Structure formats: C-alpha cells, structure tokens
Amino acid sequence: MALKLAHFPAVKELAGFDFEAQPSIDPKQIRDLAASRWIANGENVLLLGPPGVGKTHLSIALGREAILAGYTVQFTTATTLVAGMAKAHGERRLDEKLLALAKPKLLIVDELGYLPLEPDAARLFFQLVSRRYETGAMLITSNRSVAEWGTVFADPVVATAIVDRLLHHSHVLTIRGDSYRLRAKRKSGLIKPPTAGDGPPVGSASLRREATIKRHHEPDGGGSSS
Ligand code: ADP
Ligand code: MG
C-alpha cells in the first residue's frame with residue numbers, strides 16, 4: 001500500500017545495485033543512508049551526476065528502505081512537481097498543495113536541472129523547500145552540480161536561498177563515470193568510449209565551488225558529507 005502511494009516509476013532495490021560498477025559511490029555510505037536515520041532527522045540527500053550513473057535507481061531503492069522503516073514516501077520529478085504547484089497556484093489552492101507536499105516524511109524529487117525552471121517555478125520550488133526545511137527529508141537528484149543551480153533556478157538569489165536550506169543538513173553524493181545503460185554496448189564495441197569533450201555536466205571547477213559551499217555548512221554536524 002505504502003509502496004503504491006509512493007509512486008515509484010520502477011522497481012529498483014539496493015540488492016540490484018552493482019557497487020563494483022560504480023566506484024565513485026561508497027557502499028558504506030549508501031548502507032548508512034538505507035538505515036533511514038536521516039529521514040527521521042529531516043535531513044536531505046543530494047545525488048548528483050551525469051545521466052545513467054544510477055541516481056534514479058538509488059533514489060527509488062532508498063525510498064523503499066524508508067518505507068520498510070515505516071516512513072511515508074512520495075516520488076516525483078522536478079518537472080511534474082513544479083507543474084503541479086503552478087497549476088495549484090493558478091487555481092488559488094497553493095496552500096493546500098504545499099500542505100500535501102509537506103506530508104510525506106521523505107519527498108524524492110528526481111531530475112532537477114534537466115530543464116531550467118522559469119523564475120515563477122523557481123519561487124514555487126523555494127516555497128516547498130522552505131516548508132519542508134528541518135521537518136521533512138528530501139532526496140533530490142540532479143545532473144547539475146550545486147554550483148550550477150543558479151542557472152537551473154533562473155534567479156541566482158532564489159537559487160542561493162534554496163541551496164542554503166537544502167545543504168544545511170545534507171548528505172551530498174557526487175557520482176562520476178559512464179552511463180550504466182551504455183556500458184554493455186561500449187564493452188561489445190557497439191559505441192565508442194566517451195572522449196574528453198563529452199564530459200559530464202558536473203565539471204571540476206564547479207565541483208570545487210561546491211566543496212566550498214559544503215565546507216561553509218560543515219558546523220551543523222548533520223551530514224557525513226556536509
Ligand atoms: P540516472 O538516474 O543517473 O540517469 P538510472 O538510475 O536511471 O540513472 O540508471 C540507468 C539504468 O541503469 C537503470 O536501469 C538502472 O537500474 C541501471 N543502473 C545504473 N547504475 C547501476 C548499477 N551500478 N548497478 C545496477 N544497475 C545500474
Ligand atoms: Mg534518472
């Protein structure tokens with residue numbers, strides 16, 4: 001029942017995740033997160049990395065673990081989420097919508113950053129993040145580094161306010177490497193390995209900036225990677 005309510009787009013479990021294929025992820029950190037203490041504490045998890053590295057897989061798997069631990073979970077994509085909020089806003093029932101989005105102990109927002117948000121949408125997203133801040137956990141996946149969220153949210157001031165709240169008590173996992181989807185094809189020589197120019201959007205310069213933001217938030221002690 002709880003699994004149905006969560007609206008996961010697929011069945012993905014931690015048991016099915018090949019950690020050896022993904023050396024940039026620390027299995028211990030994932031097992032730690034699977035214990036769901038971060039959800040009890042209203043902390044956030046950010047899974048960042050290029051397409052195909054397992055962000056959605058891990059977010060569903062961690063969501064399932066949360067449900068097994070007794071927490072309510074809702075899965076959505078950034079696009080669906082802001083479209084729903086914009087619609088509610090237009091119908092003058094944004095308060096009602098925010099209330100509903102504040103209910104699940106864990107809200108998973110997949111695919112933030114594939115499409116940049118309009119300023120209005122970014123402000124709606126900010127309202128959601130403020131509402132859930134320190135009370136409800138969020139798991140966000142993005143193909144953009146946090147330093148690039150200024151462009152995702154159109155407005156750098158709103159982006160900073162969002163990032164500030166999200167990172168305050170957070171676990172940030174940056175996944176690197178090639179798409180798992182294309183691995184098999186690459187191995188059999190069907191497609192060429194990526195060249196330097198095809199690098200992931202999570203660039204090293206932006207990662208350095210991100211590390212600076214993370215250090216800035218360190219004193220809270222709330223996250224293993226914050
Ligand atoms: P992303 O969300 O990062 O774009 P996905 O989580 O959708 O990537 O992964 C793409 C596909 O590859 C999915 O079917 C997923 O189950 C699978 N996959 C990715 N990484 C792994 C892995 N390390 N072990 C097993 N399956 C993986
Ligand atoms: Mg995905």
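From a predicted model like this one, the values you see are computed outputs, not experimental measurements.
Counting heavy atoms of neighbouring residues, nucleotides and ligands inside a 6.0 Å radius, atom NE2 of His89 does not exceed 12 of them. Counting non-hydrogen atoms of neighbouring residues, nucleotides and ligands closer than 6.0 angstrom, the CD atom of Glu134 exceeds 12 such neighbours.
Placement of Val157 and Leu117 in two distinct hydrophobic clusters is found when ILVMFWY residues are connected by side-chain heavy-atom separations under 4.5 Å, directly or transitively. Residue Phe19 is grouped with residue Val53 when hydrophobic side chains (ILVMFWY) are merged at heavy-atom distances under 4.5 angstrom, including chains of intermediate members. Phe17 is connected to Leu3 through a chain of hydrophobic side-chain contacts under 4.5 Å among Ile, Leu, Val, Met, Phe, Trp and Tyr, so both are in one cluster. Under the 4.5 Å side-chain heavy-atom criterion for ILVMFWY residues, no single connected hydrophobic cluster contains both Tyr133 and Leu106. Hydrophobic clustering of Ile, Leu, Val, Met, Phe, Trp and Tyr side chains at less than 4.5 Å, counting indirect connections, unites Leu139 with Ile30.
The closest side-chain heavy-atom distance from Leu98 to Met85 is below 4.5 Å. Residues Leu81 and Phe125 form a side-chain contact, since some pair of their non-hydrogen atoms from C-beta on lies under 4.5 Å apart. Inter-residue side-chain proximity for Tyr114 and Pro51 is flagged as met; some heavy-atom pair is nearer than 4.5 Å. Counting only heavy atoms from C-beta outward, the side chains of Pro9 and Ile60 approach each other to under 4.5 Å. Leu58 is listed as a side-chain neighbour of Ile25, based on a closest heavy-atom distance under 4.5 Å. With contacts defined as side-chain heavy-atom distances shorter than 4.5 Å, the pair Leu128/Leu107 qualifies.
For Leu48 against Arg144, the heavy-atom pair with the smallest separation is CD2-O, 3.7 Å. Summarising the geometry of Trp38 relative to Leu33, their closest heavy-atom pair is NE1-O, 2.9 Å, with the distance given to 0.1 Å. Between Ala154 and Glu118, the shortest heavy-atom contact is CB-C, 4.4 Å.
By the side chain to side chain donor-acceptor pair (under 3.5 Å) test, Lys103 pairs with no residue at all, sequence neighbours left out. With sequence neighbours excluded, the residues satisfying side chain to side chain donor-acceptor pair (under 3.5 Å) with Glu91 are Lys87, Arg93. Partners of Thr151 according to the side-chain contact (heavy atoms from CB on, under 4.5 Å) rule, which considers only residues two or more places apart in sequence or in another chain, are Glu148. With sequence neighbours excluded, no residue forms a side chain to side chain donor-acceptor pair (under 3.5 Å) with Ser59.
Interatomic distance, CD1 of Ile108 versus OG1 of Thr56, reported as 10.0 Å (0.5 Å rounding).
Side-chain atoms of Tyr180 and His57 form no donor-acceptor pair, as typed in the model, at a separation below 3.5 Å.
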In residues 65-77, what donor-acceptor pairs under 3.5 Å come from side-chain atoms, sequence neighbours left out?
from	atom 1	to	atom 2	distance (Å)
Thr72	OG1	Lys105	N	3.0
Thr77	OG1	Thr80	N	3.2
Thr77	OG1	Thr80	OG1	2.8

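With hydrogens and angles ignored, the 3.5 Å screen pairs no side-chain donor or acceptor of His168 with any backbone N or O of Leu166. No side-chain donor-acceptor contact under 3.5 Å links Arg64 to the backbone of Leu14.
Sorted by first and then second residue, the side-chain hydrogen bond (donor to acceptor under 3.5 Å, both in side chains) pairs involving residues 122-131 (not counting sequence neighbours) are Asp120-Arg123.
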side-chain contact (heavy atoms from CB on, under 4.5 Å) evaluation trace for Asp155 with Phe126: CA-CA 11 Å; Asp155 180 337; Phe126 169 73; over 6 Å; no
